[in-house]
Amino acid sequence: MKQRLLYLLALLAIAATVVIGKSWQNFAPQIHARTPQHVLTMRAFDVGQGDATLVTTPSGKTILIDGGPNDAVMDRLGRALPFFKKDIDLMILTHPHADHVTGLVGVLKRYNVKEIYYTGAVHTSSVFIEWLKMIKEKQIPMHVISHKEEIQFDEGVKLIFLYPDHELAGVEDASEEKRGQKKNNLNNTSIVFKLTYGRTQFLFMGDAEVPVEETLLASGVDLRVDVLKVGHHGSHSSTSEEFLKAVSPQYATISCGRNNDYGHPHLSTLKRLERFGVHAYRTDTEGDIVIMSDGEKIIAP
Ligand SMILES: [Zn+2]
């Protein structure tokens, strides 16, 4: 009886070792990948109908791309960053529309923003003017994106600016007017850039629409990335078939508000993403989206 019990215990011990060993094997790379010094994190915040995305590099540097239509970004930053972290190393305003710039005003007040990239395109809205005023008051250096350029942002992390490829400083209504169209379209002044970390790549589209996509395609630049931040909240005016083919992302994020008035994201955009086998995440249905990279591969939910 005692012998049988010992035999059973021994068997159990072997089984436990195998099971624990196996799960550790599965778990160990995750732990390694999640060690902050190796991981770059992109957070597409759920801020309602607008855009606000935070990138944290493996060394802890931060890039905030747009701020959304309200102050929700403050709460999201508070949760995403350690309580002692009050620096935003780089703030990028893709274009001056209120659903991108509004939240940035509060960020300028509460955080130590070290540098700002924008296009120089302007808007007469009071919130955009307040944003400019705050920057002037705080004497934050501003860099105008007006041509293709590559910036080594942090160790292993590069920013490759693809658009605008021409001067937009002072422009209020973009290139559309030059083409004889009546409609003002600041969307197509959006900064478009690639972020690379190791072998992984992200593409941030702002609210750029098909005309910008066509310019990018015609320029012959390599657009392939792993993660696409979909242009213009998933509107049907962005993310064309040809563009998706060239970008061929594995994952996409769509920033939009629950039951928004614009019908974003458009069903046709969602269908296109599906047809190309892209796993698309939406802030309106899924809340904050967190996508990570360990430099070799993307770690998505
Ligand atoms: Zn927008």
Side-chain angles (χ1 to χ4, degrees), residues 42-55 63-73 76 91-107 116-132 145 162-164 168 171-176 183-193 202-213 216 227-240 243 252-270 273 280-289:
M42 168 200 176
R43 292 180 173 88
F45 292 132
D46 172 23
V47 291
Q49 182 59 22
D51 272 17
T53 310
L54 178 74
V55 173
I63 308 170
L64 179 63
I65 306 137
D66 295 333
N70 48 43
D71 269 342
V73 68
R76 299 305 190 281
M91 175 184 276
I92 297 176
L93 176 65
T94 60
H95 68 296
H97 278 153
D99 58 323
H100 297 253
V101 72
T102 306
L104 294 181
V105 176
V107 175
I116 290 168
Y117 290 2
Y118 79 134
T119 63
V122 293
H123 199 283
T124 48
S125 68
S126 57
V127 67
F128 179 72
I129 290 164
E130 198 187 347
W131 179 75
L132 278 180
I145 302 292
L162 304 174
Y163 193 87
L168 286 173
V171 166
E172 202 186 322
D173 44 22
S175 48
E176 297 294 312
K183 206 180 123 216
N184 293 348
N185 195 348
L186 277 169
N187 288 342
N188 289 334
T189 66
S190 287
I191 290 176
V192 174
F193 71 100
F202 298 71
L203 181 63
F204 294 89
M205 292 301 295
D207 276 1
E209 298 174 345
V210 169
V212 173
E213 294 176 2
L216 292 169
V227 182
L228 168 70
K229 185 265 158 203
V230 169
H232 197 203
H233 319 287
S235 146
H236 61 80
S237 55
S238 303
T239 325
S240 69
F243 186 70
T253 67
I254 301 173
S255 295
C256 56
R258 264 171 290 279
N259 306 317
N260 65 79
D261 299 337
Y262 306 93
H264 294 157
H266 200 270
L267 190 62
S268 63
T269 309
L270 293 175
L273 287 163
Y281 300 97
R282 295 166 54 171
T283 58
D284 62 335
T285 54
E286 293 162 76
D288 294 345
I289 299 157

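Side-chain atoms are counted along with the backbone in the values below, which use heavy atoms only and exclude waters and symmetry mates. Both ligands and their constituent atoms are indexed starting at 1 by order of listing.
- Restricting His233 to its N/O/S atoms, the shortest distance to the Zn ion (ligand 1) is reached by NE2.
- With Thr189 contributing its side chain and His95 its backbone, the two residues share no donor-acceptor pair below 3.5 Å.
- The backbone N or O of Ser235 lies less than 3.5 Å from a partner atom in the side chain of Thr269, making a donor-acceptor pair.
- Within the 3.5 Å criterion, the main-chain N or O of Val105 finds no donor-acceptor partner in the side chain of Glu130.
- In Asp207, the N, O or S atom that comes nearest to the Zn ion (ligand 1) is OD2.
- The residue from Thr94, Asp99, Leu186, Asp66 that alone fulfils the side-chain contact (heavy atoms from CB on, under 4.5 Å) condition with Asp207 is Asp99.
- Here the Zn ion (ligand 1) is the vertex; the NE2 atom in His100 and the OD2 atom in Asp99 give an angle of 100° (to 10°).
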